[in-house]
Amino acid sequence: MTYEVTVDIKLKDGMLDPEGDTIKRSLNLLGYNEVNEAMVGKKIYLEIEGGSRDEVIENVDEMCQRLLANPVIHNYEIRVD
């Protein structure tokens, strides 16, 4: 069976986010002063063959830990559709 998987990767609380800070500052300079905070993350879409939903989640979790995310500085969330 084929599964569509979405992985959302964000920095952990307390990690510096210079790209997010730059976006916030730039938006404020453009007059969007209602923006109090901007954070940058990434979203990865995968199409995966697997025997079960649980098997797919387990495989994608391993992919996140080995390649897709840095578990030291990132939190990630796996969604399977």
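Note that the structure is predicted; figures quoted are calculated from it, not measured.
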K.L.:
Decide whether Ile57 and Leu68 are clustered together by the hydrophobic rule: side chain heavy atoms of Ile, Leu, Val, Met, Phe, Trp, Tyr closer than 4.5 Å, transitively.
P.N.:
yes
K.L.:
Report the distance from atom CD of Glu47 to atom OH of Tyr3, rounding to the nearest 0.5 Å.
P.N.:
12.5 Å
K.L.:
Examine distances only and state if a side-chain atom of Glu55 and a backbone atom of Gly51 form a donor-acceptor pair shorter than 3.5 Å.
P.N.:
yes
K.L.:
With rounding to the nearest 0.5 angstrom, report the CG to CZ distance, Asp61 to Arg66.
P.N.:
12.0 Å
K.L.:
Can you tell me if CG on Leu16 sees more than 12 non-hydrogen neighbours from other groups inside 6.0 Å?
P.N.:
no
K.L.:
So, taking the atom named CG in Asp8 and the one named NE2 in His74, what distance separates them when rounded to the nearest 0.5 Å?
P.N.:
12.5 Å
K.L.:
For Glu19, look at atom CD and say whether over 12 heavy atoms of other residues, nucleotides or ligands are found less than 6.0 Å away.
P.N.:
no
K.L.:
In Å and rounded to the nearest 0.5 Å, what is the CD1 to CG distance from Ile23 to Asn28?
P.N.:
12.0 Å
K.L.:
Test side chain to side chain contact (heavy atoms under 4.5 Å, CB included) on Met63 and Ile48; report intermediate values, then the result.
P.N.:
CA-CA 12 Å; Met63 291 175 200; Ile48 299 178; 4.2 Å; yes
K.L.:
Distance from Asp17 atom CG to Met39 atom CE, nearest 0.5 Å?
P.N.:
8.0 Å
K.L.:
Would Thr6 and Ile44 count as a side chain to side chain contact (heavy atoms under 4.5 Å, CB included) here? Give the steps.
P.N.:
CA-CA 6 Å; Thr6 304; Ile44 300 172; over 6 Å; no
K.L.:
Do Met1 and Ile78 land in one hydrophobic cluster if side-chain heavy atoms of ILVMFWY residues count as linked below 4.5 Å?
P.N.:
yes
K.L.:
Hydrophobic clusters here meaning ILVMFWY residues chained together by side-chain heavy-atom distances under 4.5 Å, can you tell me if Val56 and Leu67 are in one?
P.N.:
yes
K.L.:
NZ/Lys10 to NZ/Lys43 distance, rounded to the nearest 0.5 angstrom?
P.N.:
8.0 Å
K.L.:
Assigning hydrophobic clusters by single linkage (Ile, Leu, Val, Met, Phe, Trp, Tyr; side-chain heavy-atom cutoff under 4.5 Å), is Leu29 placed with Val40?
P.N.:
no
K.L.:
Test side chain to side chain contact (heavy atoms under 4.5 Å, CB included) on Val80 and Glu4; report intermediate values, then the result.
P.N.:
CA-CA 6 Å; Val80 179; Glu4 292 182 10; over 6 Å; no
